Protein chains: 2
Amino acid sequence: MSQFNSELRRLILDEARHLMITQGYNSLSMRKIASKAGCSATSIYLYFRNKDDLLHALIEEGFEMLRARLVETAATIQDPLQRLEALCREYVQFGLLNPEYYEVMFLLRPEHMERYPVEKFRRARKNLELITDTLNMFDRGGQYKAGDAYVRAHAITASLHGAVVLVNAGRLDVRIDKSIFVDTVILQIMQSLKSYTIQAH
Amino acid sequence: MSQFNSELRRLILDEARHLMITQGYNSLSMRKIASKAGCSATSIYLYFRNKDDLLHALIEEGFEMLRARLVETAATIQDPLQRLEALCREYVQFGLLNPEYYEVMFLLRPEHMERYPVEKFRRARKNLELITDTLNMFDRGGQYKAGDAYVRAHAITASLHGAVVLVNAGRLDVRIDKSIFVDTVILQIMQSLKSYTIQAH
DNA sequence: TATGTTTACTTAACAGTGTTAACTTTTTAG
DNA sequence: CTAAAAAGTTAACACTGTTAAGTAAACATA
């Protein structure tokens, strides 16, 4: 494997990203990337172990982008409920605005990551921590079991994820306005939290 | 295209299903299916227009299975809230027990269906009707806008779908018990409905 | 029974995929 | 200026879905 900081490596990644965004993840082939980058297909293997490794670099980019947005959102809003709702909106918006990134980040069967077992989902979970922490702000009384908010955070992201996937796959009934749908999903989450917060106070 | 009722056609479908379930959707190739079915790869094209068409047959099977379960559940439980919760559980259980079916049914990018634009998502929406109808049972006062329950049903299935995908992809933190997670997601849905039903009465 | 026609199916091939091994060129170091 | 290391290439392999052309079987008609 050649050095990490390389002109060609950056170029390959740039062209891969561009192809993914414009043509879609499906039509991402080593030869196409190489062609755009002006090198041979096998040259990619000088900088990436395989296609999965290259994809993984894009996946990391995506999680970094998403995380940056969520961290910023969390930092600017203090009120727990408002912050949580803003986090939800930010999450969905990211998914809808970056469908190709989102797809490659959350491929159903992540065989693409099997070779990275350690930090496999660490980045994805960092985003969950933001939600978990916000949820824990409701638990001033401390009556919830440890990890309760963490499970709840998983449930929330599951809902958000489902919403993003449903819209991006074009599975939403065309008669339903997308933003109304998103509002409904987030409303559902926030409404469910009422019981959570009422109990907590 | 040869006749619909054919020994070989049934055999091909059987072997494709078996391969999908045992080896996974990814390793489903025309040549493998043909080999198992004891014919040449091109013979498949006598009964299916292409691989997508073959997959579509399996997708239809999946939706038929899911629908049968939901219809039965809806028929046996009268109380709206209990029925809705049971539908949710049934949906998630189907997804978790038939991960390969579920994956092929809800591939993120359904290019596989683009050639069937008319009845594309009709079957998927039939399941939504079951939930929509149940939701409408809350609206005896008639204060909700038409289609409100339909959007709400979409939001609910989005949450359920997200939960299934998250678990099936192995994205759930190993420290979290799967059934507890599922319970939490469904609890979230049911809690959110409290506001819905309270308003309705 | 023999002939022609449709149906069923196969083989060969094409263009594409990720990936490896072997070879060549370029860069760097002594 | 030469030897070694790095960078990049071409050729090839084993796959993939799919099409065109050819063959074998079934069937209908005279």
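All chains are named by letter (A, B, ...) in the order of the sequence lines, taking the proteins before the strands, and each is independently numbered beginning at 1. Predicted, not measured: the structure shown is a model, and the values here were computed from it.
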Sugar-phosphate only, base, or nothing, as touched by A/Phe48 at under 4.0 Å among non-hydrogen atoms: nothing
Sugar-phosphate, base or nothing in reach of A/Ile44, heavy atoms under 4.0 Å: nothing
Check nucleotides 20-28 of chain D for protein N or O atoms closer than 3.5 Å to its own N or O atoms and list the pairs.
none

Flag side-chain contact, heavy atom, 4.5 Å: B/Lys36 against B/Asp14: no
Validation row: A/Thr184, B/His154 side chains within 4.5 angstrom (heavy atoms):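 Not touching, per the 4.5 Å side-chain cut-off.
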Side chain A/Thr76, main chain A/Glu72, donor-acceptor under 3.5 Å: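 Answer holds: yes.
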Distance-only donor-acceptor check, side chains B/Tyr45 and B/Asn50, under 3.5 Å: no
Side-chain H-bond candidate by donor/acceptor type, A/Ser192 with B/Ser192, under 3.5 Å: no
All salt bridge (charged side-chain N to carboxylate O under 4.0 Å, His left out) counterparts of A/Asp79, not counting sequence neighbours: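 A/Asp79 satisfies salt bridge (charged side-chain N to carboxylate O under 4.0 Å, His left out) with no residue once adjacent residues are dropped.
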With sequence neighbours excluded, residues passing side chain to side chain contact (heavy atoms under 4.5 Å, CB included) with A/Ser6: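 Partners of A/Ser6 by the side chain to side chain contact (heavy atoms under 4.5 Å, CB included) criterion, ordered by chain and then number, come out as A/Gln3, A/Leu8, A/Arg9, A/Tyr47.
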Contact list for DNA chain D against residues 11-23 of chain A - heavy-atom distance below 4.0 Å: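 Going residue by residue through residues 11-23 of chain A, none turns out to have a heavy atom under 4.0 Å of DNA chain D.
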Within residues 29-41 of chain B: residues closer than 4.0 Å to DNA chain D (heavy atoms):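 Result for residues 29-41 of chain B: B/Ser29, B/Met30, B/Arg31, B/Lys32, sorted by number.
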Nearest-nucleotide pick for B/Leu46, side chain only, options being D/dT18, D/dG8, C/dC9: C/dC9
B/Tyr47 side chain, from C-beta outward: closest of D/dG8, C/dA8, C/dG18: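 Of all the options, the side chain of B/Tyr47 is nearest to C/dA8.
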Those residues that, when tested against A/His161, pass ring-ring contact (aromatic ring centres under 6.0 Å, His included) (two or more places apart):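 Counting only residues at least two positions away or on another chain, A/His161 forms a ring-ring contact (aromatic ring centres under 6.0 Å, His included) with A/Tyr102, A/Phe106.
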Distance in angstrom units between B/Glu7 CD and C/dA8 P, rounded: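 Going from CD in B/Glu7 over to P in C/dA8 covers 14 Å.
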